[in-house]
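Please read through the structure below; I'll follow up with questions.
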Amino acid sequence: MGIHSICNMASHLQNASRAKLGLTSVPHTKYNLSVALAMHRAGFISFVTRGGKSPPDPATISTYEPPPLTTANQAQQRLWLGLKYARTNATPVLRTMTSISSSKRYVTADLKELARLARGFPASSQKGLNLGECMFVATDQGTLEIREALEKKVGGLLLCRAGP
């Protein structure tokens, strides 16, 4: 499935946060998993867990043990994501999420272009980041947020951008 699954995941998470869902699922692919874990590190998602077609119990999510992954149940596995909301007025932490690269057009950026984007200046046919916004980059060290990629001094494929 590849990059196409990230495009679907971006639109699904944006729609789920606008609908104020607390729990949502996306197909279990390696790209979806890497982006979901990067979003969890960035603070947009409260938890990431693997499960079947039915959601895990939110009360016991910290002790939830997913069933073992086998070739028989691999196609039915989903990633269950917990979305975050502000406590004061219940606004979603993740308000917008758009994909940058698509299956027909890969957008890459080297270290110099990543630095310009992180400081808010345009580069690689992309607008710079705004306040509170994050951009996720697929590198040879995994999927990283743009600031993590700058710390590790690696460039890569621009996957998506998320923001409040």
Side-chain angles (χ1 to χ4, degrees), residues 1-58 60-85 92-110 114 117 124-126 129 133-152 154-164:
M1 209 171 209
I3 289 282
H4 184 66
S5 65
I6 292 178
C7 298
N8 290 340
M9 179 181 173
S11 63
H12 177 75
L13 288 179
Q14 181 174 326
N15 291 340
S17 69
R18 287 183 179 173
K20 298 194 189 252
L21 298 178
L23 184 67
T24 188
S25 70
V26 293
H28 183 271
T29 64
K30 76 175 182 179
Y31 282 113
N32 284 353
L33 179 62
S34 65
V35 170
L37 291 175
M39 289 180 69
H40 178 66
R41 285 192 310 269
F44 287 109
I45 295 175
S46 60
F47 66 87
V48 178
T49 188
R50 181 175 47 84
K53 291 183 178 181
S54 61
D57 183 24
T60 60
I61 199 70
S62 61
T63 60
Y64 176 73
E65 189 67 32
L69 188 62
T70 63
T71 55
N73 68 357
Q74 185 176 7
Q76 298 173 352
Q77 293 296 306
R78 302 200 50 88
L79 290 174
W80 289 92
L81 310 173
L83 300 176
K84 285 184 170 180
Y85 296 92
V93 172
L94 176 70
R95 192 169 289 178
T96 61
M97 185 169 179
T98 57
S99 60
I100 298 171
S101 292
S102 67
S103 57
K104 293 185 179 187
R105 181 173 175 248
Y106 295 124
V107 180
T108 60
D110 60 4
L114 286 181
L117 287 169
S124 290
S125 70
Q126 290 296 313
L129 292 180
E133 198 172 26
C134 293
M135 189 176 290
F136 298 99
V137 183
T139 67
D140 55 350
Q141 297 179 9
T143 301
L144 304 172
E145 202 271 325
I146 192 169
R147 292 164 192 89
E148 293 173 335
L150 285 172
E151 286 176 10
K152 295 184 179 187
V154 291
L157 179 68
L158 302 178
L159 296 176
C160 59
R161 61 193 307 152

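One is the number of the first residue; the rest follow in order along the sequence.
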What verdict does the side-chain contact (heavy atoms from CB on, under 4.5 Å) test give for Leu144 and Met135, after you've listed the backbone C-alpha separation in whole Å, the side-chain angles of each residue and the deciding distance to 0.1 Å?
CA-CA 9 Å; Leu144 304 172; Met135 189 176 290; over 6 Å; no

Short side-chain to backbone donor-acceptor contact, Asp110 and Gly155, under 3.5 Å: no

| message | Suppose we screen for side chain to side chain donor-acceptor pair (under 3.5 Å). Which residues come up paired with Ser99, at least two apart in sequence or across chains? | response |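 Listed in chain order: nothing, the list is empty.
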
Check: Does the pair Leu158 and Leu117 meet the rule for a side-chain contact (heavy atoms from CB on, under 4.5 Å), with working shown?
Finding: CA-CA 11 Å; Leu158 302 178; Leu117 287 169; 4.1 Å; yes

Does any donor atom in the side chain of Arg105 or Ser125 lie under 3.5 Å from an acceptor atom in the other side chain?
->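 The criterion, which ignores hydrogens and geometry beyond distance, is satisfied for Ser125 and Arg105.
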
Exercise. Mind checking the CG-CG spacing from Leu83 to Leu13? Nearest 0.5 Å is all I need.
Key: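 Output value for this atom pair is 6.5 Å.
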
Would you say Ser46's side chain and Lys84's backbone share a donor-acceptor pair under 3.5 angstrom?
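Between the backbone of Lys84 and the side chain of Ser46 there is no qualifying donor-acceptor contact (under 3.5 Å).
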
Measure the CG-CD distance between Leu150 and Glu145 for me, rounded to the nearest 0.5 Å.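 With rounding to 0.5 Å, CG (Leu150) is 8.5 Å from CD (Glu145).
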
key: side-chain contact (heavy atoms from CB on, under 4.5 Å) evaluation trace for Met97 with Arg161   = CA-CA 6 Å; Met97 185 169 179; Arg161 61 193 307 152; over 6 Å; no

One should read off an interatomic distance between Lys152 NZ and Glu148 CD, to the nearest 0.5 angstrom, of 6.5 Å

Value for NE2 (His12) from OG1 (Thr24), rounded to nearest 0.5 Å, stands at 2.5 Å

The reported gap from CG in Leu157 to OG in Ser101 (rounded to nearest 0.5 angstrom) is 4.0 Å

When rounded to the nearest 0.5 Å, the distance separating CG of Leu94 from CD1 of Ile45 is 7.0 Å

**Asked** In this structure, are over 12 heavy atoms from other groups packed under 6.0 Å from Lys30 atom NZ?
**Response**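 Incorrect, the count does not exceed 12.
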
Practice problem: Applying salt bridge (charged side-chain N to carboxylate O under 4.0 Å, His left out), name anything that partners Arg95, two or more places apart in sequence or on another chain. | Solution: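 With neighbours one apart ignored, the set is empty.
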
